[in-house]
Amino acid sequence: MTDLQPARGTHDLIGEDQRRHHHVAETARRIAASYGFDEWITPIFEDTRVFSRTLGETSDVVTKEMYTFEDRGGDSVTLRPEGTAGVCRALVTNGLTQSLPKKVFYAGPMFRYERPQKGRYRQFHQIGMELIGPAEPLADAEVIACGWDILKALNVHADTILELNTLGELESRAAYREALVAYFTAHKDSLSQDSLTRLERNPMRILDSKDERDRKIVADAPTIEAHLTEAAATFYAKVKELLARFGVPFRENPRIVRGLDYYGHTAFEFVTTKLGSQGTVMAGGRYDGLVAEMGGPQTPAVGWAAGIERLGMLLDAAPAAPVPVAVVPIGDEAEAAAIGVLQSLRAAGIRAEMSYRGNLRRRMERANRIEARTAVILGADDLAKGVAQVKDLKTGAQEAVSLPDIAAFLA
RNA sequence: GCGGGCGUAGCUCAGUUGGUUAGAGCGCCAGUUUGUGGUACUGGAUGUCGUGGGUUCGAUUCCCAUCGCUCGCCCCA
């Protein structure tokens with residue numbers, strides 16, 4: 001054996017794991033496409049400033065979780081910890097702010113230096129979508145509806161609930177933040193250690209603390225509602241109304257906040273009870289300031305990201321492995337002739353395999369092991385007659401089929 | 001980053017109160033006389049008992065460290 005292991009927090013996706021992963025990504029891709037979203041494939045690493053500028057100076061992601069290094073040319077680059085910043089950068093650098101709206105879907109690996117846990121990896125994979133341009137609440141509702149459709153298509157929606165909140169726009173948030181700081185400062189003595197540091201860095205985070213003592217204090221903390229400007233309140237009401245119109249069930253949760261600084265207005269999380277402490281399965285919100293921070297024009301946008309691994313774990317059954325047809329020649333001469341049959345099946349789009357060695361018995365065992373549905377058996381006698389024995393491996397029924405007809409017979 | 005649990009064949013796991021060649025089931029390879037698998041029978045291969053160090057005449061078993069997985073916290077998808 002080898003003493004080599006996968007790097008901490010990374011995983012090989014093989015067999016069932018790969019099928020779960022692929023199924024999640026393909027389903028999302030398909031449904032996003034039906035909503036008019038195009039897939040963008042942006043680089044896996046970016047200039048470090050793409051993230052450091054935009055995710056928030058104080059966020060954990062930026063301060064301690066990024067894979068940042070200097071490349072051989074002396075430039076600081078970072079393995080993307082999330083997808084939104086890169087998409088916005090691509091929007092700006094490709095001059096696409098002139099052709100809004102843009103509806104972007106993406107899927108790929110993200111990197112965060114965290115302590116690995118179930119549902120939390122250092123290299124993990126996300127699907128996500130960004131709707132850039134529209135400032136209307138209809139955009140928020142549509143993006144959420146698309147996410148909900150994906151969860152439904154994956155059949156993981158039953159144990160998943162959409163939790164919704166508004167963070168208001170800058171003005172509302174500033175006022176609220178002030179009120180929160182005042183409130184929590186008054187209760188400083190009873191707050192947990194973690195929350196004391198949050199009080200300085202990001203007071204809104206205290207709202208979703210899991211600490212018992214914190215929760216008691218949070219229960220009576222002011223909510224953003226009272227601090228919402230007229231416009232922000234109207235916007236939020238409209239989002240809720242439209243979600244109902246799209247048929248997306250939700251639950252308001254004033255404690256939903258976002259970890260990254262660029263969010264405002266709508267904030268949401270699809271949460272499941274089935275993944276322990278890693279229960280957030282899809283999350284996002286509106287981020288009207290990000291494109292501007294990236295050096296583009298002031299551009300509204302809304303989007304979400306979801307963890308492929310987490311969704312994959314929720315799938316009640318792994319997608320079935322593909323079922324092949326086994327081509328089974330008897331003897332060397334037949335093996336040569338069987339190649340023609342083999343290729344004709346493949347050309348017809350049928351997954352066909354021929355073992356590389358072994359007598360008839362061996363090859364039949366092998367066919368059984370790869371869970372072939374059918375064996376196409378070719379012996380000298382059959383070849384002389386221009387036929388093959390096509391055997392259904394489930395029922396054991398077997399019949400002679402003429403060589404040119406086999407592909408059609410099995411289709 | 002903090003705290004708890006775990007680490008024996010490809011897989012699931014047993015075992016050694018410290019003592020000669022470490023086990024089972026499944027899987028794998030081969031055979032049961034040469035054109036038919038899924039069942040059965042027979043035989044076979046595989047482990048530096050996660051890694052490194054310490055204690056000991058002797059360690060897979062005890063101690064320490066380390067790596068990895070896992071659960072909770074933190075954070076987040």
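A, B, ... follow the sequence lines: proteins, then strands. Residue 1 opens every chain.
Using a 4.5 Å heavy-atom threshold, the side chains of A/H125 and A/M110 count as separate. Within the 4.5 Å cutoff, the side chain of A/E163 has no heavy atoms near those of the A/E252 side chain.
Under the salt bridge (charged side-chain N to carboxylate O under 4.0 Å, His left out) criterion, A/R49 pairs with A/D47, sequence neighbours left out. Residues that satisfy the ring-ring contact (aromatic ring centres under 6.0 Å, His included) test with A/F250, not counting sequence neighbours, are absent from this structure. For A/R30, the salt bridge (charged side-chain N to carboxylate O under 4.0 Å, His left out) criterion is met by no residue, not counting sequence neighbours. For A/F246, there are no ring-ring contact (aromatic ring centres under 6.0 Å, His included) partners, not counting sequence neighbours.
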So which protein nitrogen or oxygen atoms get under 3.5 Å of nucleotides 2-5 of chain B's nitrogens or oxygens?
residue: B/C2; atom: N4; partner: A/R115; partner atom: NH1; Å: 2.9
residue: B/G3; atom: O6; partner: A/R115; partner atom: NH2; Å: 3.3

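What separates CZ of A/R8 from C1' of B/U66 is a distance of 12 Å, to the nearest Å. Here the P atom of nucleotide B/C74 and the CG atom of A/L207 are 14 Å apart, to the nearest Å. Distance OH (A/Y121) to C1' (B/C75): 16 Å, rounded to an integer number of Å.
Taking the six-membered ring for Trp and the full ring otherwise, A/Y236 and A/H265 have centroids separated by 6.0 Å or more.
Taking only side-chain nitrogens and oxygens, A/R310 never comes nearer than 4.0 Å to OP1 or OP2 of B/A77.
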Heavy-atom contacts, protein to nucleotides 33-46 of chain B, under 4.0 Å, summarised as B (base), S (sugar-phosphate only) or - (none) per nt, yield --BBBB-B------
